[in-house]
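Atoms considered below: every heavy atom in the structure, side chains included; atoms not considered: hydrogens, waters and symmetry mates. It should be emphasised that the depicted structure is a prediction, and the values quoted were computed from it without experimental measurement.
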Amino acid sequence: MIAEDPAQHTVAVRVRLDIGYDGTDFTGWARQPGLRTVQGVLEESLSKVLREPIQLTVAGRTDAGVHAEGQVAHFDTTSEPDAAKLVHRLARFLPKDVRVTAVRTAPPEFDARFSAIRRHYAYRLTTAPYGAEPLRARSVVPCRSEVDLAAMRVASGKLLGLHDFAAFCRRREGATTVRELQRFDWERDGDLLTAYVSADAFCWSMVRSLVGAVLAVGEGRRTPEWVAGLLAERERSSSVTVAPAHGLSLIAVDYPPDAELAARNAQTREMRTVPAGGGCCGE
């Protein structure tokens with residue numbers, strides 16, 4: 001969708017990208033001087049194809065080694081691109097470990113980061129005695145062959161709701177660690193064990209810390225009650241082992257209808273706080 005920028009007196013087109021990548025050989029999403037990052041590679045290719053400087057805003061800044069199957073980003077450009085043609089041209093310019101899977105114009109209010117209402121991650125482990133199969137070795141983490149899946153599900157359930165997840169996060173100056181964890185469950189398919197984790201947003205290293213804490217329960221080293229007790233801590237817990245990066249993938253991001261984008265942007269920018277009494281889910 002096209003909108004006029006009063007400050008620049010130019011017409012800007014907001015474009016949404018759906019993106020997938022193998023994070024193994026990237027130093028995370030965010031652009032860093034002298035390092036290979038997903039943002040850097042994409043912006044370089046887009047700038048060449050569109051013949052203008054492109055800057056991306058992303059739904060979630062993944063860490064080094066973390067993958068994405070449903071990453072979302074947006075940028076503004078001076079003319080509306082041919083979506084199908086741009087996807088095809090980017091396939092020729094981009095390296096094999098990153099792909100733009102869809103391109104579409106978006107309303108001016110759409111913001112890949114602030115408009116998001118929910119982010120979904122999957123963390124994949126294998127209990128096979130020989131470890132991860134070669135074709136999955138870059139995205140599946142070996143663990144013990146015997147884990148107590150029932151205990152892991154109990155522990156995961158104790159973390160659902162609106163809480164301060166400080167014990168599970170690497171703190172950033174001025175950033176809140178209050179989040180609403182909406183889904184945390186486990187599925188088994190033969191030797192493959194997958195954790196599905198969804199929240200309104202995540203703080204730095206939160207998903208991998210959640211997985212690491214609950215995996216300790218599955219391996220018999222901790223109890224579900226210990227996991228629940230971590231919610232009372234207000235600093236990152238040294239007792240929580242962060243799961244390896246390469247098992248994690250951002251699989252989807254949810255957005256509201258177009259008419260609700262502006263309201264969502266304003267809501268997201270507000271600081272999250274735990275309700276009086278420590279209630280759940282806004283109650």
Colleague: Are Glu146 and Arg144 close enough for a salt bridge, meaning some N to O gap below 4.0 Å?
Modeller: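 Here Glu146 does not pair with Arg144 in a salt bridge, since their nearest N and O are not under 4.0 Å apart.
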Colleague: Report yes if the side chains of Asp97 and Phe26 come closer than 4.5 Å at any heavy-atom pair, otherwise no.
Modeller: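 They are in contact (side-chain heavy atoms under 4.5 Å apart), so the answer is yes.
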Colleague: Rounded to the nearest 0.5 Å, what's the gap from CG on Leu86 to CG on Asp82? Could you check?
Modeller: 8.5 Å
Colleague: Less than 6.0 angstrom from the centroid, inside 45 degrees of the normal: does Arg269 satisfy that with respect to the ring of Phe114?
Modeller: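 Judged by the rule, Arg269 and Phe114 form a cation-pi pair.
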Colleague: I need the minimum non-hydrogen distance between Pro256 and Ser115, along with the two atoms involved.
Modeller: CD-O, 3.1 Å
Colleague: Side-chain contact, heavy-atom cut-off 4.5 Å: Leu210 with Leu159?
Modeller: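 Answer yes - side chains close enough.
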Colleague: Would Tyr196 and Phe184 count as a close aromatic pair, with their ring centres under 6.0 Å?
Modeller: no
Colleague: Examine distances only and state if a side-chain atom of Gln32 and a backbone atom of Thr27 form a donor-acceptor pair shorter than 3.5 Å.
Modeller: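 A pair under 3.5 Å: yes.
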Colleague: Regarding Asp18 and Arg104, does a basic nitrogen lie under 4.0 Å from an acidic carboxylate oxygen?
Modeller: yes
Colleague: For the side chain of His67 and the backbone of Gly23, is there at least one donor-acceptor N/O pair under 3.5 Å apart?
Modeller: yes
Colleague: Looking at every heavy atom in both Ala73 and Ile19, which two are closest together, and how far apart are they?
Modeller: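 For Ala73 and Ile19, the tightest heavy-atom pair comes out as CB-CD1, 3.8 Å.
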Colleague: May I ask you to test the Tyr123-Val141 pair for a side-chain heavy-atom distance under 4.5 Å?
Modeller: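 They are in contact (side-chain heavy atoms under 4.5 Å apart), so the answer is yes.
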Colleague: Do Val41 and Phe93 have side-chain heavy atoms sitting under 4.5 Å apart?
Modeller: no
Colleague: Could you tell me which non-hydrogen atom of Ala30 sits nearest to which non-hydrogen atom of Gln39, and how far apart they are?
Modeller: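 So the minimum-distance heavy-atom pair works out to CA-OE1, 3.5 Å.
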Colleague: Tell me the closest heavy-atom pair linking Pro142 and Val140, and the distance in Å.
Modeller: CD-O, 3.8 Å
Colleague: Stepwise, does the side chain to side chain contact (heavy atoms under 4.5 Å, CB included) test hold for Val15 with His74?
Modeller: CA-CA 5 Å; Val15 179; His74 81 259; over 6 Å; no
Colleague: So, Thr126 versus Asp191: side-chain donor-acceptor pair below 3.5 Å or not?
Modeller: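 The criterion, which ignores hydrogens and geometry beyond distance, is not satisfied for Asp191 and Thr126.
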Colleague: Decide if atom CG of Asp189 counts as having more than 12 heavy atoms of other residues, nucleotides or ligands within a radius under 6.0 Å.
Modeller: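 At most 12 heavy atoms, drawn from other residues, nucleotides or ligands, come within 6.0 Å of this atom.
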Colleague: Let me confirm one number: the OG1-CG distance from Thr241 to Leu215, rounded to the nearest 0.5 Å.
Modeller: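 The OG1 atom of Thr241 sits 9.0 Å away from the CG atom of Leu215.
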Colleague: Have Tyr21 and Thr62 got a donor and an acceptor in their side chains that come within less than 3.5 Å?
Modeller: yes
Colleague: Can Arg236 and Ser209 be said to form a side chain to side chain contact (heavy atoms under 4.5 Å, CB included), step by step?
Modeller: CA-CA 10 Å; Arg236 178 170 175 78; Ser209 296; 3.5 Å; yes
Colleague: Compare every heavy atom of Asp22 with every heavy atom of Thr24, then report the nearest pair and how far apart it is.
Modeller: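 Distance-wise, the nearest heavy atoms are OG1-OD1, 2.6 Å.
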Colleague: Is the shortest heavy-atom distance from the side chain of Arg138 to the side chain of His246 under 4.5 Å?
Modeller: no
Colleague: Are Phe202 and Tyr121 an aromatic pair by the rule of ring centers under 6.0 Å?
Modeller: yes
Colleague: When you look at CZ of Arg136, are more than 12 heavy atoms from neighbouring residues, nucleotides or ligands closer to it than 6.0 Å?
Modeller: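 Count not over threshold, so no.
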Colleague: Rounded to the nearest 0.5 Å, how far apart are CZ of Arg170 and OG of Ser205?
Modeller: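 The distance works out to 5.0 Å.
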Colleague: Give the minimum heavy-atom separation between Ser45 and Leu94, together with the two atoms involved.
Modeller: OG-CD2, 3.4 Å
Colleague: Can you tell me how far CG of Leu192 sits from CD of Glu133, rounded to the nearest 0.5 angstrom?
Modeller: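 Between atom CD of Glu133 and atom CG of Leu192 there are 9.0 Å.
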Colleague: Are the side chain of Ser47 and the backbone of Ile54 linked by a donor-acceptor contact shorter than 3.5 Å?
Modeller: yes
Colleague: Carefully, step by step, assess Val147 and Met152 under the rule side chain to side chain contact (heavy atoms under 4.5 Å, CB included).
Modeller: CA-CA 8 Å; Val147 294; Met152 292 166 67; 4.1 Å; yes
Colleague: Nearest 0.5 Å, please: how far is CG in Leu125 from SG in Cys143?
Modeller: 5.0 Å
Colleague: Do Glu52 and Thr78 get their side chains close enough for a donor-acceptor pair, meaning under 3.5 Å?
Modeller: yes
Colleague: Can a side-chain donor-acceptor contact be found between Trp204 and Asp63 if the only test is distance below 3.5 angstrom?
Modeller: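 Asp63 vs Trp204: donor-acceptor pair found between side chains.
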Colleague: Can a side-chain donor-acceptor contact be found between Ser156 and Trp186 if the only test is distance below 3.5 angstrom?
Modeller: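 Note: Trp186 and Ser156 side chains meet the donor-acceptor criterion.
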Colleague: Decide, yes or no, whether a salt bridge links Asp148 with Arg153 under the criterion of side-chain N to carboxylate O below 4.0 Å.
Modeller: no
Colleague: Given Arg179, which partner from the list Leu181, Thr176, Thr177 fulfils the side chain to side chain contact (heavy atoms under 4.5 Å, CB included) test?
Modeller: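 Between Arg179 and the candidates, side chain to side chain contact (heavy atoms under 4.5 Å, CB included) is satisfied uniquely by Thr176.
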Colleague: Within a strict 4.5 Å, meaning less than it, do heavy atoms of the Pro108 and Arg14 side chains meet?
Modeller: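 SC-SC contact between Pro108 and Arg14 ruled out.
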Colleague: Please determine if Arg36 and Asp25 form a salt bridge, counting it only when a charged side-chain N lies under 4.0 Å from a carboxylate O.
Modeller: no
Colleague: With the side chain counted from C-beta on, respond yes when Val38 and Leu42 share a heavy-atom pair under 4.5 Å apart, and no when they do not.
Modeller: yes
Colleague: May I ask you to test the Val72-Val58 pair for a side-chain heavy-atom distance under 4.5 Å?
Modeller: no
Colleague: Do NZ/NE/NH1/NH2 and the carboxylate oxygens of Glu69 and Arg124 come within less than 4.0 Å?
Modeller: yes
Colleague: Please say whether more than 12 non-hydrogen atoms of neighbouring residues, nucleotides or ligands are located less than 6.0 Å from CZ in Arg99.
Modeller: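 Atom CZ in Arg99 is packed in, count exceeds 12.
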Colleague: Determine, for Arg264 against Asp200, whether the closest basic-nitrogen to carboxylate-oxygen distance falls under 4.0 angstrom.
Modeller: no
Colleague: Should we say atom CD of Gln55 is surrounded by more than 12 heavy atoms from elsewhere, each under 6.0 Å from it?
Modeller: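 For Gln55, atom CD is not crowded (no more than 12 foreign heavy atoms under 6.0 Å).
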Colleague: Looking at Arg221, I want to see if its CZ is surrounded by more than 12 non-hydrogen atoms of other residues, nucleotides or ligands under 6.0 Å.
Modeller: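 Yes, enclosed.
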Colleague: Run the numbers on Glu233 and Glu235 for side chain to side chain contact (heavy atoms under 4.5 Å, CB included), then give the verdict.
Modeller: CA-CA 6 Å; Glu233 300 191 18; Glu235 297 291 338; over 6 Å; no
